[in-house]
Amino acid sequence: MGSVAVQETLNPFEIAQAQFNTAAEHLKLEAWLRDVLRRPKRQLIVSIPTKMDNGTIRVFEGYRVQHSLARGPAKGGIRYHPNVTLDEVKALASWMTWKCATVNIPYGGGKGGVVCNPKEMSQRELEGMTRRYASEISIIIGPERDIPAPDVYTNAQTMAWIMDTYSMTVGSTQLGVVTGKPLQIGGSQGRNEATARGVLFVTREACVEKKIPIKGARVAVQGFGNAGSIAARLLSEDGATILAVSDSGGGITNPRGLDIRAVLAHKEKTGMLRGYPEAEPISNEKLLELECDVLVPAALENQITQENAPRIRAKIVAEAANGPTTPAADEILHKKGVFLIPDILANAGGVTVSYFEWVQSLQSFFWEEAQVNQHLEKVMTRAFREVLAIAKKFDVHMRTAAYILAVGRVAEATRIRGIYP
Ligand code: GLU
């Protein structure tokens with residue numbers, strides 16, 4: 001009789017804790033440190049009354065979670081999505097802690113979210129909701145305390161509203177309170193492309209490791225937001241063939257490769273990928289199972305699970321999204337010889353350039369794009385090589401290796417600081 005697979009948890013916070021536990025075991029972490037680091041330091045739940053265009057007032061629920069402040073202020077994006085939950089934000093906040101530590105930038109981890117459907121809201125409604133949310137969380141955010149940034153369905157305009165709202169309360173312009181701002185008000189060159197550019201840098205490294213030439217490499221990208229659409233463009237500019245891309249409405253595929261600039265223009269014009277003339281439709285599920293060299297999950301959590309992991313045929317998986325792969329799927333992919341670059345490394349380019357933006361904002365001294373990209377490349381390739389060295393030394397996959405590096409750094413900071421009082 002075949003064994004019946006145990007149902008795996010898809011609760012992102014339980015997954016984050018399981019990933020942490022694995023690293024804590026390898027590091028033989030003290031029990032008290034495990035107790036401190038496996039839970040968030042602060043969790044704020046806010047109600048956000050918002051005037052809607054039809055004259056009614058709707059109350060949205062929002063969160064801001066600070067997981068750790070051991071290595072610096074909390075840092076992390078704000079997500080607007082109908083499926084946001086407190087546990088998801090807790091997971092995303094802890095992933096930010098480990099991400100910042102993996103690339104060794106001086107931040108803790110935080111995350112925010114509002115349960116809403118921004119696709120069904122007007123700009124005016126979004127501005128009202130954003131400003132009230134900013135006001136509600138202003139008791140814990142600030143340039144030295146917790147610095148938000150864009151995430152799923154938020155963007156530079158959202159950050160401008162938050163910066164303005166916070167600045168109005170304080171009475172002076174506070175450029176350092178958020179990152180991912182528009183260039184006109186203290187944003188950084190290269191920030192908009194940074195997550196994708198970071199994915200590109202580590203994918204190049206992984207291709208070297210797996211002896212796959214990036215020129216001609218066959219790539220599939222799930223998700224066509226800031227990370228996915230720009231990663232597809234940058235990889236195609238590197239000579240890769242983009243076999244398929246998708247958004248929440250479904251995907252498109254062409255085995256001879258998609259002209260990404262034309263696809264971007266089509267999405268810009270029609271608001272969706274489907275209907276692009278030179279391609280066949282493909283579902284988000286089938287896209288993941290395409291035979292390819294590099295698969296880039298760039299959408300949401302729990303896309304590669306124990307159910308579909310056996311059917312993944314990519315040689316490299318570069319996680320541009322946060323949490324796209326479950327722990328059970330990690331093991332399956334590893335056994336199949338798939339080389340996975342974990343989220344806390346692969347998508348750390350975004351927060352790395354956020355760090356550069358914050359430094360520039362605080363100093364009111366701005367860099368050129370070439371300088372930003374050069375520093376980013378240095379940070380990403382160094383982190384990749386450090387993680388790969390740990391993977392080889394401990395004989396573990398890249399996710400566990402990244403956690404060993406990150407948890408080790410945060411544990412050391414917490415230990416050296418000691419417990420107050
Ligand atoms: N939301 C992005 C992430 O998940 C960026 C966070 C930041 O720049 O602070 O890494």
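Both ligands and their constituent atoms are indexed starting at 1 by order of listing.
Applying the salt bridge (Lys or Arg N to Asp or Glu O under 4.0 Å) criterion to Arg415, with sequence neighbours excluded, gives Glu30.
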Side-chain donor-acceptor distances from residues 232-243 under 3.5 Å, at least two apart:
from, atom 1, to, atom 2, distance (Å)
Arg233, NH1, Glu237, OE2, 3.1
Ser236, OG, Ala232, O, 3.4
Ser236, OG, Arg233, O, 2.9
Glu237, OE2, Arg261, NH2, 2.8
Asp238, OD1, Arg204, NH2, 3.1
Asp238, OD2, Arg204, NE, 2.8
Asp238, OD2, Arg204, NH2, 3.4

Quiz: residues 20-27 side-chain donor-acceptor pairs under 3.5 angstrom, not counting sequence neighbours:
from, atom 1, to, atom 2, distance (Å)
Asn21, ND2, Gln17, O, 3.3
Thr22, OG1, Ala18, O, 3.0
Glu25, OE2, Arg34, NH1, 2.7

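Checked against a 6.0 Å centroid threshold, the rings of His67 and Trp95 do not count as neighbours.
Pocket lining of ligand 1, defined as residues with a non-hydrogen atom under 4.0 Å away: Lys75, Gly76, Gly77, Met96, Lys99, Lys111, Ala149, Pro150, Asp151, Arg191, Asn322, Gly350, Val351, Ser354.
Between the side chains of Glu88 and His81, no donor-acceptor pair is found at a separation under 3.5 Å.
The side-chain heavy atoms of Val387 and Thr102, taken from C-beta on, include a pair separated by under 4.5 Å.
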